[in-house]
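No hydrogens, no waters, no symmetry mates; every other heavy atom, side chains included, goes into these values. Convention: sequence-line order gives letters A, B, ...; per-chain numbering from 1.
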Amino acid sequence: MIERAIENWLINTNERSYQIPLCQVLISRGFEILYISPHGQLEFGKDIIAKSPSGEVHAYQLKGGKQTLTKFRKDMGEMYQLIDTPCDHPNVDKKKPHKSFLVANGDIADDVFQTINKINSTETHFSKLETINKDQLLKMFLDKKGAFLPQSFESFSKFLELFREDGTSNFPKKKFFDFIQNNILVPEGQNSKKLNSIFSSVILTNTILNNFESKDNCYAKFETWTILYFTLMGFIEKEKLSDKKIDGTMELIRKEILENMNKITDEFLKKDNLIEGTPLGDGDLIYKARATMILGIICCNKTYFNPDFDEKLHEKIINNLKHLWFGGECFFPHLFFVIKYLEKNNLAGNSKTMIKVIIKTILKHNGFRNMEQALPSPYYDIDTIIKSNYSINTIDLMQFKSNSFILGPLVEIAARRGLRGFLEENWRKISHMQVSKFISDQDHELFYFWNKKGINYSNFLKQTQSWKELQTNSKAKPSSKLLIKNKKFLPYFFMVYPHRISEELVNILDI
Amino acid sequence: MFPDFPKIKLEIQKNVEEHLRKQSVSDPLVGSVTQIFIHEGDKLIYHTVNGEKKETTFNKIQSEFNIKDEEIIAEGAKALIPVINEAAGDLQNQIGNNILAKLEEATKETGNIVDGEGKEISPDLIYKALEKMQIDFDEEGNPYMPTMFVSPKMAKKMSNKLPEWEKDVLHKKKIDDLILKKKEEWNDRESNRKLVD
């Protein structure tokens with residue numbers, strides 16, 4: 001059943017949408033992906049450049065829909081670039097001809113085939129043009145997946161539920177994690193089966209995201225690929241899998257995560273304001289929540305991944321700081337990345353003020369005897385918090401009194417910045433709060449979005465605390481091998497998994 | 001199958017479940033304890049105010065109820081209210097008993113017990129109980145007086161005797177002095193909550 005759904009998706013999608021699955025198929029065939037065009041912009045007529053296991057270089061130009069002669073003639077300039085321009089990559093011998101492929105997710109008309117044959121036989125070009133049409137493409141996808149696609153109706157129904165999401169809202173993260181973990185990843189049998197299930201998860205995720213892709217909902221795509229990435233990372237750790245093809249797959253997912261972060265940054269630069277969809281019902285908390293999410297992800301991108309300074313972007317970020325909202329502890333990662341961005345751009349004064357405001361807000365709202373409404377723990381996502389604030393589905397806020405998941409890491413953040421006076425002033429209140437975190441049963445399970453087993457840990461910070469000791473602890477070297485190994489990609493993790501917050505995780509991101 | 005209305009029924013079901021949850025914590029004792037929803041994991045490790053580490057897993061509580069089809073047909077969700085209330089009462093008793101068992105366990109551990117020796121409740125007994133308790137104060141120095149949980153019969157008896165107890169000047173002075181002492185203890189405790197070199 002899923003095969004039919006994929007076929008239907010493939011026929012109806014655009015060229016950008018099947019770029020990732022095609023890369024995944026190539027990886028699973030032992031290819032090394034050298035280049036993927038960002039934003040669907042062709043680089044000398046090439047969407048994908050890959051090296052085969054035998055060392056041949058293949059270049060692919062992707063097209064959407066049926067390829068008629070009129071269409072083909074219109075795009076001939078791009079096609080000549082594909083076959084005539086050597087692949088510009090440091091790992092490619094530019095003197096050696098590459099293999100060129102015109103790929104379409106529709107039929108390729110006979111007269112197009114004839115024209116291609118004529119070009120190949122009568123004209124002299126750097127490389128010859130080959131074709132991959134809809135049927136061949138589908139065979140490639142299903143060949144790789146058919147054997148390990150979930151066959152039960154229950155799995156199909158779960159797949160369909162995700163596939164039918166309209167693409168405008170946030171992505172149902174927990175539901176997606178459950179689907180991938182319980183229906184796709186195969187923990188038993190030979191390693192080849194496990195590898196295939198990893199490859200399959202990429203193609204299925206891409207299919208599930210079809211509506212999000214067509215709406216260009218980059219935030220939801222960013223979250224979904226991040227969950228897939230860390231779920232796979234947990235699975236790979238658990239199964240102790242090691243394979244070049246897995247490395248290729250993980251790199252492919254990381255590229256997709258980063259691509260979505262970049263697209264959000266570009267969109268932010270282009271738009272006058274952050275209203276999205278119908279303005280009726282927008283504004284106020286919805287606008288603030290969106291602004292916090294967008295600024296958080298952009299600041300994360302500009303701090304950890306694309307650190308080049310952009311004056312226009314910087315100005316827009318600063319102008320939008322007034323819209324930031326700390327409506328619950330799940331907002332903290334976004335605010336943390338804004339803090340890091342401000343520090344990186346010599347605005348440490350503003351970032352210190354933000355740190356103090358966040359700590360004071362937690363103490364004021366979550367303090368046991370205080371009358372203010374407590375802020376929900378990071379287990380409550382932004383959608384749930386907005387609904388509760390508008391009395392749509394209210395959360396029992398009393399449960400969060402005297403408790404915080406973010407206070408422990410925040411105290412260390414303040415200590416690392418030498419905010420002794422501020423902490424001294426507030427220590428009495430801080431020491432009355434319980435600080436909580438989740439400790440997974442197995443190390444690799446830290447990367448799972450939800451765990452059946454594990455410890456809900458909470459403790460009070462010391463009543464009499466030595467400043468020196470606090471500073472030492474806040475700068476302690478992390479001990480989690482798993483976190484250290486994945487250090488470079490933890491910013492994604494923190495953004496999408498706020499409920500995994502711990503002193504150690506924040507320490508790694510902060511130092 | 002006959003036509004069904006699963007989405008509407010699910011909403012009704014959610015309301016019934018919420019009613020059950022609220023009813024099962026409506027008792028003052030159970031309601032006074034903060035409920036925390038645990039989202040994942042199978043264990044709790046926490047530290048008491050005194051820094052003692054405690055580890056616990058979850059206890060299952062359950063209650064059954066039956067309802068006849070005729071009642072459902074005649075009254076719909078309304079028919080559920082009495083049985084749900086009964087089940088909620090049962091759940092409430094189980095939660096209450098769990099809390100009392102935990103309290104007993106904790107007081108046994110700390111020796112924080114006042115033995116009434118079968119005598120009737122009196123100002124002296126209340127004084128002795130207060131003496132053993134830790135009392136916190138607000139920023140203005142007002143005490144957060146502890147809540148006393150007694151049976152309805154005892155509550156009636158106590159409210160009858162309250163005017164008489166309030167006239168007891170000697171007892172009032174003793175309580176006031178005790179509160180002053182508790183305030184000093186609280187000040188000492190609070191002054192330990194600080195950042196030092």
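Contact check for B/D197 versus A/R420: side-chain heavy atoms found under the 4.5 Å cut-off. In this structure the side chain of A/F460 never reaches within 4.5 angstrom of the side chain of B/Y46, judged on heavy atoms. Side-chain contact between B/E55 and A/Y457: absent, with no pair of heavy atoms (C-beta onward) separated by less than 4.5 Å. Here the side chains of B/E190 and A/Q463 are not in contact, with every heavy-atom distance at 4.5 Å or above.
Taking a 6.0 Å sphere around CZ of A/R164, one finds it holds 12 or fewer heavy atoms contributed by other residues, nucleotides or ligands. When the shell of 6.0 Å around NZ of A/K429 is examined, it contains 12 or fewer heavy atoms from other residues, nucleotides or ligands. Residue-environment remark: NZ (A/K475) exceeds the threshold of 12 foreign heavy atoms within 6.0 Å. Summarising the local packing, CG of B/L170 is surrounded by 12 or fewer heavy atoms from other residues, nucleotides or ligands at distances under 6.0 Å. Enclosure of atom CZ in B/F5 is not indicated, since only 12 or fewer non-hydrogen atoms of other residues, nucleotides or ligands lie within 6.0 angstrom. Counting non-hydrogen atoms of other residues, nucleotides and ligands closer than 6.0 Å to CD of B/E64 gives a total of 12 or fewer. Surrounding CD of A/Q181 are more than 12 heavy atoms belonging to other residues, nucleotides or ligands, all under 6.0 Å away. Around the NZ atom of A/K174, the shell of radius 6.0 Å holds more than 12 heavy atoms that belong to other residues, nucleotides or ligands.
By the 4.0 Å N-to-carboxylate-O rule, B/K22 lies too far from A/D396 to be salt-bridged with it. A/R428 and B/E139 are joined by a salt bridge, as a carboxylate oxygen and a charged side-chain nitrogen come within less than 4.0 angstrom of each other. Classification of A/E424 and B/R193 as a salt-bridged pair fails, no side-chain N sitting under 4.0 Å from a carboxylate O.
Although no hydrogens or angles enter the test, the distance criterion places no donor-acceptor pair under 3.5 Å between the side chain of A/T464 and the main chain of B/K194. No side-chain donor-acceptor contact under 3.5 Å links B/E40 to the backbone of A/K453.
Looking at B/F37, both its backbone and its side chain come within 4.5 Å of chain A, counting heavy atoms on both sides. Heavy-atom distances place no part of A/I430 under 4.5 Å from chain B, backbone and side chain included. Using a 4.5 Å cut-off between heavy atoms, B/T48 contacts chain A through its backbone alone, with no side-chain atom that close. Only the backbone of A/F449 has a heavy atom closer than 4.5 Å to any heavy atom of chain B. Residue A/F438 touches chain B through its side chain alone, counting heavy-atom pairs closer than 4.5 Å.
The distance from atom CG of A/D441 to atom NZ of B/K43, rounded to the nearest 0.5 Å, is 6.5 Å. Distance OG/A/S431 to CG/B/N192: 9.5 Å, rounded to 0.5 Å. One finds the CG atom of A/L461 at 11.0 Å from the NE2 atom of B/H47 (value rounded to the nearest 0.5 Å).
Under the 30°/60° scheme for interplanar angles, the aromatic rings of A/Y379 and B/H39 are found to lie parallel.
Ranked by non-hydrogen atom pairs under 4.5 Å with chain B, the options A/Q471, A/K468, A/Q465 are led by A/Q465. For chain A, the option among B/I36, B/D42, B/V49 with the highest count of heavy-atom pairs below 4.5 Å is B/D42.
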Determine, step by step, whether B/L195 and A/L470 satisfy the side-chain contact (heavy atoms from CB on, under 4.5 Å) criterion, reporting the C-alpha distance in whole Å, the side-chain angles of both residues, the deciding distance to 0.1 Å, and the verdict.
-> CA-CA 9 Å; B/L195 209 56; A/L470 185 59; 4.2 Å; yes
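Residues B/G41 and A/N456 come closest through the heavy atom pair CA-ND2, 4.3 Å.
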